[in-house]
Amino acid sequence: MREITYSEAIREALTESMRENEDVFMLGEDIGVYGGAFGVSRGMVEEFGEERVRSTPIAESVIAGASVGAAMTGMRPVFEIQFSDFVTIALDQIVNQAAKIRYMYGGKAKIPLVMRTPGGSGTGAAAQHSQSLENWTAHVPGLKVIQPATAYDAKGLLHAAIEDDNPVMFYEHKLCYRTTSDVPEGKYTIPIGAADIKRAGTDISVVATGIMVHKALEAAELLAEEGIQIEVVDPRTLVPLDKQTIVESVMKTGKAVVVTEAVKRSGFSAELASVIAENDSFDFLDAPIIRLAGEEIPMPYHPELEKKAVPQMEDIVEACRNLMADR
């Protein structure tokens, strides 16, 4: 199997979907000739033309609203918000329209749209272009929320998202774009709502999302040299959340560390911790659940301060060592 980057995997999913179904089209800022802010759609306008790869004005509310309308008429739009921070401008269309219409119409209207957006820190883009706001949309009934960490997952889940008849929020971490993994040629889908064990272990369950999956795997390699075997659980989709896989992992290991980049206060890390605490896994815990998440500050511009603002591999290692020291 060939190895390709995360961004290439997303481009393949988009290209394959558009070749297969003429109802699929894209819209967003600079996605045409420029190829998108991170180059994901590079070359696509040349194949599909400006009618199906539509570069829009800088108007996120209009992009989202047009997508809702197109979806209601039977199209399958994939719209891109250039930085996930600016989902804030489109929230009325996403939260009050896309998420509600199918329910309010008694199922007579479908909203098969996908919002793609890059988020997270690590590129020196500072406070207004580096946030992790996926928990905002995860809080809203009617929206599905996907956060793939690997190229393989990104392609399979994007195919599944485009085929879904519900609105899907698809969060891509900027630092994931250049990561690589084995990805099959041709179309395949991954079920929305199925977590994945990225590394099996027996001592500690580390439940991580997005780029933190990669940091957890790095920590696992280092800890293995010390005889500590951690299991890395990647939810892949925040909504619907595969609670059973998380619970079964913690029941096996008896210890849990939850790692997300988003700010700790009211973040998705709390949701993951509550899943562990409110289910059968709680009786198997022999230490408190540890939550690692972002600091409660706007994202700094300085690279060293930026690193301090979110969990790093070293933080995961330290947390796991402390848990094992308490046994």
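- Of all the heavy atoms in Val317 and Ala219, the pair that sits closest is CG2-CB, 3.6 Å.
- The pair Arg76-Asp23 does not meet the salt-bridge criterion, since no charged nitrogen lies less than 4.0 angstrom from a carboxylate oxygen.
- Of the listed residues (Glu185, Glu16, Glu8), just one forms a salt bridge (Lys or Arg N to Asp or Glu O under 4.0 Å) with Lys155, and that residue is Glu16.
- Across all non-hydrogen atoms, the minimal contact from Arg291 to Ser269 is NH1-OG, 2.9 Å.
- Panel note: side chain Ser130, backbone Ser121; no donor-acceptor pair is recorded below 3.5 Å.
- In terms of heavy-atom proximity, Phe25 sits nearest to Met18 at CA-CE, 4.3 Å.
- Taking the ring-ring contact (aromatic ring centres under 6.0 Å, His included) definition, one finds that Tyr301 meets it with nothing, sequence neighbours left out.
- Listed by chain and number, the residues in a ring-ring contact (aromatic ring centres under 6.0 Å, His included) with Phe83 are Phe38, His129 (sequence neighbours excluded).
- Residues Ala160 and Thr189 share a closest heavy-atom pair of N-CG2, 4.1 Å.
- Each of Glu12, His159, Glu20 was compared with Lys187 under the side-chain hydrogen bond (donor to acceptor under 3.5 Å, both in side chains) criterion, and only Glu20 meets it.
- For the 3.5 Å distance criterion, the side chains of Gln128 and Asp85 fail to qualify, holding no donor opposite an acceptor.
- A donor-acceptor pair shorter than 3.5 Å cannot be found between the side chains of Thr5 and Thr180.
- Tyr171 and Ser132 share no side-chain donor-acceptor pair at under 3.5 Å.
- Legend: side-chain hydrogen bond (donor to acceptor under 3.5 Å, both in side chains) pairs involving residues 306-315, not counting sequence neighbours, sorted by first then second residue: Lys215-Gln312.
- The nearest pair of heavy atoms linking Gly32 to Ser55 is N-OG, 2.9 Å.
- Sorted by first and then second residue, the ring-ring contact (aromatic ring centres under 6.0 Å, His included) pairs with a member in residues 207-250 form an empty list; sequence neighbours excluded.
- Atom CZ of Phe79 sits about 9.0 Å away from atom OG1 of Thr117, to the nearest 0.5 Å.
- Remark: of the listed residues Lys255, Arg199, Lys252, Lys252 is the sole one forming a side-chain hydrogen bond (donor to acceptor under 3.5 Å, both in side chains) with Glu231.
- Among residues at least two apart or in separate chains, there is no ring-ring contact (aromatic ring centres under 6.0 Å, His included) pair with a member in residues 261-290.
- Contacts classified as salt bridge (Lys or Arg N to Asp or Glu O under 4.0 Å) and involving residues 111-132 (residues at least two apart or in different chains) are given here: Glu80-Arg116, Arg116-Glu172.
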